[in-house]
Structure formats: C-alpha cells, structure tokens
Amino acid sequence: MSKIIQEWLNDQIGVKRKKSMPVLSFPSTSLMGISVTELIGKSELQAKGMKMIADRLDTSASVSMMDLSVEAEAFGSTVRFFDDEVPTVIGALVKSQEDADALKVPEVGAFRTGCYIDGISKACGLITDRPVFAGIIGPFSLAGRLVDVTTAMMMCIENPEIMHTVLKKTVQFLIKYSQAYKDAGANGIVMAEPLTGLLSPGLAKKFSEPYVKEIIDAVKDDDFAVIYHNCGASVVKMTDSLLRLNASAYHFGNSISMKKMMELLPPDVIAMGNIDPASQFRNGTPESIREDTLRVLDECWQFPNFVISSGCDIPAQSSWDNIDAFFNAVDEFYTNKNM
C-alpha cells in the first residue's frame with residue numbers, strides 16, 4: 001500500500017461514490033470451510049480469509065477481526081471458545097485494589113496476540129491495493145473484561161481507583177500492541193470501545209476519553225490511522241468527547257440514528273456505519289438488508305464525510321447472500337444517483 005493513510009482518508013471525503021468499509025472478516029470461515037476456532041488460532045488462515053474477501057469485494061479497506069477476548073486473554077483472563085461464534089471472556093481477574101496493583105502488563109505476543117500480529121503481517125503481504133486495518137479493543141472495554149463487565153459500571157462510581165489502576169495498565173499494553181501492528185505493516189487499527197457506550201457522558205469523559213486519547217496520540221500519524229468504534233446508544237451525547245480524541249475516523253453501531261450523528265459532526269470528520277450486523281447481516285434477508293442499506297444511504301449520502309459500513313463486526317454465521325445484497329445495494333444507490 002504505497003499511498004499514505006492521510007491521502008486515503010482525504011479520498012473518503014473527496015469522492016462522491018463511496019466504497020463501503022464493513023467490519024468483515026469472520027465470515028471468511030464459510031468461504032474456507034473452517035470453524036471460528038480454527039480461524040482465530042492460525043495466522044495463515046486469518047490472512048487467507050482477509051485476502052479472499054478482498055478479492056471478492058471492492059471494499060475501501062480490509063479490516064481484520066474484532067475479537068474482544070484476545071487482549072484480556074493475554075492478561076490472564078479465562079476465555080470460552082466456540083466453533084461458530086466469537087470467543088467470550090468469563091470470570092474476573094481483578095476484584096480488589098490489591099488485585100489491580102498486582103495485575104501484570106503482558107508482553108506483546110502473549111497467547112494469541114502474536115498470532116494476530118503475524119496474521120496482519122501476512123495479510124499486508126497479500127493485500128496491496130487498499131489499506132489493511134487490524135482490530136484491537138479499547139482501554140475501558142478491556143478493563144471491563146478484566147474486572148467483569150457488569151462490575152465495571154459500579155466500580156466507576158464506588159471504586160474508581162481500582163478502575164484507574166487497571167486502565168493505566170491496559171493503556172500500557174494497548175500502546176505496545178498497536179505499535180506491533182504498525183511495525184507489522186498495518187495501515188491502522190480499528191479500536192472497539194463498545195463498553196464506553198453504556199456509560200454516562202460524564203463517566204465516559206473520566207474513564208475512557210483520556211485513556212483512548214493517550215493511545216491515539218502515541219501511534220496515530222499520516223501513515224497509521226486509528227478508527228474509533230463505539231456502538232453504544234449514548235454515543236450521540238458524547239460528540240464533544242469523541243472529537244477531543246482526534247481519531248482518524250469514527251465508526252458507529254446501529255443503536256443510533258446515523259443521520260443524527262452526521263448532523264453533529266464537522267464535515268471533515270469521517271464517520272462510518274451502521275447496518276445492523278445481527279438483525280440484518282446475520283438474521284435478515286437479501287431484501288431486508290437491501291432496504292435498510294438504501295435507507296441509511298438515502299439519509300446520509302449528502303454528508304461528504306459519511307461512509308456506509310456495518311454497525312459492528314459481521315458475525316461468522318452471516319449469509320453471503322446477505323453480505324452480497326449489502327454491496328449490491330450500495331452499487332444500486334450510487335448508480336441511481338448517477339455517481
């Protein structure tokens with residue numbers, strides 16, 4: 001990928017007929033006839049799957065898996081694996097201030113993090129006609145998995161020092177992890193911070209914003225993008241906080257009105273979203289996903305900074321008829337607009 005990432009970002013605003021950028025990697029399992037467990041365990045399969053999708057679909061970028069268990073596993077969390085679903089973290093590593101103080105920051109490469117970095121390195125060697133983005137978790141979402149997602153909400157109020165201690169350690173790791181992807185050849189990362197979407201704007205300002213910004217400031221440059229993903233319903237109320245992050249672009253879920261979000265963002269800030277990955281890509285029909293894609297495009301196409309995408313990671317069991325219907329609908333819309 002010879003074009004610097006800043007030029008690619010400028011193109012997302014400058015061109016009228018936009019290429020879509022769904023978070024699309026797990027459905028490569030059905031193309032290769034393998035399980036999710038096999039995919040997440042072998043770097044060559046991850047790279048092969050991303051290449052197969054890139055060859056099949058004219059996306060604006062190739063985006064790796066949004067596996068929100070891999071970093072927590074590196075810290076020592078227990079992970080439950082499934083053949084046809086993404087892994088999930090179970091239990092809690094941190095229950096007290098003593099646990100937080102004793103929590104060790106893992107080395108990059110621990111458990112599956114090394115496999116994922118190698119997968120991106122291999123993918124960058126195979127995909128050279130568009131940017132390749134790696135997926136990572138955000139600091140608060142990672143901290144939530146280390147203390148337990150439900151408990152994290154209460155800790156922000158009742159035991160804030162525990163959360164801040166854990167957050168500082170997640171940031172240490174995520175900066176090194178992001179840098180490793182950068183060194184491996186990735187053109188950027190998509191940082192998933194969905195748990196922040198459950199916080200009030202005030203708590204998000206304290207427990208997510210400064211930590212996310214520290215990571216962005218450490219790794220973002222003209223050759224490396226940081227795309228911030230938040231699929232929470234309260235994200236519309238967090239616009240000022242989001243803009244202070246100074247991310248390269250923003251990616252939103254289907255729990256909000258994409259049009260309302262676009263109305264709140266400056267025209268030079270790229271925002272992507274937000275076709276429902278569960279009710280449409282996974283459980284919808286070609287016709288329902290066509291209608292929803294055309295609806296979102298019709299509401300948002302006049303915003304020059306809007307890029308159509310899935311609202312989150314598209315599930316592995318999604319029908320390729322539905323995925324193809326999404327891309328066909330994007331082509332249909334822009335063709336009818338004579339673009």
Side-chain angles (χ1 to χ4, degrees), residues 1-10 21 23-25 28 39-51 53-54 59-76 104-139 141-143 167-193 211-229 245-249 251 313:
M1 182 70 191
S2 59
K3 185 186 295 186
I4 65 171
I5 202 67
Q6 190 56 52
E7 291 177 345
W8 177 84
L9 290 167
N10 292 340
M21 201 195 88
V23 183
L24 174 58
S25 189
S28 67
L39 179 69
I40 64 175
K42 294 185 178 180
S43 61
E44 59 270 22
L45 292 178
Q46 295 164 21
K48 179 182 177 181
M50 292 176 69
K51 173 62 173 172
I53 290 173
T59 58
S60 65
S62 178
V63 184
S64 185
M65 300 172 293
M66 197 176 282
D67 178 351
L68 305 187
S69 70
V70 64
E71 296 92 344
E73 183 185 39
F75 271 87
K104 294 186 181 301
V105 179
E107 292 297 322
V108 171
F111 292 88
R112 287 177 291 136
T113 60
C115 175
Y116 279 32
I117 292 166
D118 192 43
I120 287 294
S121 178
K122 288 182 170 72
C124 290
L126 298 173
I127 303 168
T128 59
D129 62 343
R130 69 198 76 178
V132 174
F133 295 141
I136 74 164
I137 197 170
S141 297
L142 175 53
L167 280 161
K168 289 173 184 176
K169 295 184 178 185
T170 66
V171 167
Q172 289 180 45
F173 176 75
L174 291 173
I175 288 175
K176 293 190 295 182
Y177 193 37
S178 300
Q179 185 62 52
Y181 277 126
K182 193 175 188 178
D183 294 342
N187 301 107
I189 53 175
V190 178
M191 180 192 294
E193 186 71 318
Y211 299 104
V212 171
K213 192 173 190 311
E214 186 176 350
I215 298 168
I216 293 174
D217 289 346
V219 299
K220 175 194 165 192
D221 57 35
D222 284 350
D223 291 311
F224 194 80
V226 179
I227 299 173
Y228 173 87
H229 166 80
L245 297 176
N246 194 32
S248 305
H251 192 278
D313 203 350

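No hydrogens, no waters, no symmetry mates; every other heavy atom, side chains included, goes into these values. Position 1 is the first residue of the sequence, and the numbers go up from there.
Each of E193, M191, E71 was checked for a side-chain contact (heavy atoms from CB on, under 4.5 Å) with S141, and the lone residue meeting it is E193. Among V23, V63, L24, the single residue meeting the side-chain contact (heavy atoms from CB on, under 4.5 Å) criterion with D313 is V23.
Considering only heavy atoms from C-beta on, I137 stays 4.5 Å or farther from M66 through its side chain. Side-chain contact check for Q6 versus D223: every heavy-atom pair is 4.5 Å or farther apart. You'll find the side chain of Y228 reaches within 4.5 Å of the side chain of V212, heavy atoms only. Looking only at side-chain heavy atoms (C-beta outward), S62 and I53 stay at 4.5 Å or farther from each other. A heavy-atom distance below 4.5 Å is found between the side chains of Y181 and Y116. The shortest side-chain heavy-atom distance between V171 and L167 does not fall under the 4.5 Å cut-off.
Shortest non-hydrogen contact noted between G41 and Q46 is N-NE2, 4.2 Å. Listed here is the closest heavy atom pair of S64 and G135: CB-N, 4.1 Å. In plain terms, the two heavy atoms of M50 and S25 that are nearest each other are CG-OG, 3.9 Å. Scanning all heavy atoms of the two residues, the minimum distance from A47 to L126 falls at O-CD1, 3.8 Å. What you find for K176 and P106 is that their closest heavy atoms are NZ-O, 3.7 Å. Closest approach of G49 to S28, counting heavy atoms only: CA-CB, 3.6 Å.
The CD1 atom of I136 sits 12.0 Å away from atom OG1 of T113, with the distance rounded to the nearest 0.5 Å. In this structure, the separation between CG on L245 and CD on E214 is 12.5 Å, given to the nearest 0.5 Å. Rounding to the nearest 0.5 Å places CG of L174 at 8.0 Å from CD1 of I189. Rounding to the nearest 0.5 Å places SG of C115 at 8.5 Å from CD1 of I40. In this structure, the separation between CD1 on I120 and OG on S43 is 10.5 Å, given to the nearest 0.5 Å. The line from NZ of K104 to CZ of F75 is 12.0 Å long, rounded to the nearest 0.5 Å.
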Residues D221, K182; criterion salt bridge (Lys or Arg N to Asp or Glu O under 4.0 Å); working and verdict: CA-CA 11 Å; D221 57 35; K182 193 175 188 178; 2.7 Å; yes

Dump the intermediate steps for side chain to side chain contact (heavy atoms under 4.5 Å, CB included) on V226 and I215, then the final yes or no. CA-CA 9 Å; V226 179; I215 298 168; 6.0 Å; no

Evaluate side chain to side chain contact (heavy atoms under 4.5 Å, CB included) for M65 paired with V70, printing each intermediate quantity in order. CA-CA 11 Å; M65 300 172 293; V70 64; over 6 Å; no

Trace of the side chain to side chain contact (heavy atoms under 4.5 Å, CB included) decision for S248 with I5: CA-CA 9 Å; S248 305; I5 202 67; over 6 Å; no

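Of the possible polar contacts, none joining the E44 side chain to the G119 backbone as a donor-acceptor pair under 3.5 Å is found. Between the K122 side chain and the L45 main chain, no donor and acceptor come within less than 3.5 Å of each other. In this structure, T170 contributes its side chain and L142 its backbone to no donor-acceptor pair below 3.5 Å. Not a single donor-acceptor pair under 3.5 Å links the side chain of S121 to the backbone N or O of D118. With hydrogens and angles ignored, the 3.5 Å screen pairs no side-chain donor or acceptor of N187 with any backbone N or O of F224.
Sparse packing is recorded around NZ of K168, with 12 or fewer heavy atoms of other residues, nucleotides or ligands lying under 6.0 Å away. Atom NZ of K48 has 12 or fewer heavy atoms from other residues, nucleotides or ligands within 6.0 Å. Counting heavy-atom neighbours within 6.0 Å of K42 NZ, excluding the residue itself, gives a total of 12 or less.
The side-chain contact (heavy atoms from CB on, under 4.5 Å) test applied to S60 returns W8, Q12, K19, M21, not counting sequence neighbours.
Using cut-offs of 30° and 60° on the angle between ring planes, the pair F173 and Y177 is parallel. Ring pair H229/H251 is tilted by interplanar angle, where 30° to 60° counts as tilted.
By the 4.0 Å N-to-carboxylate-O rule, R112 lies close enough to D67 to be salt-bridged with it.
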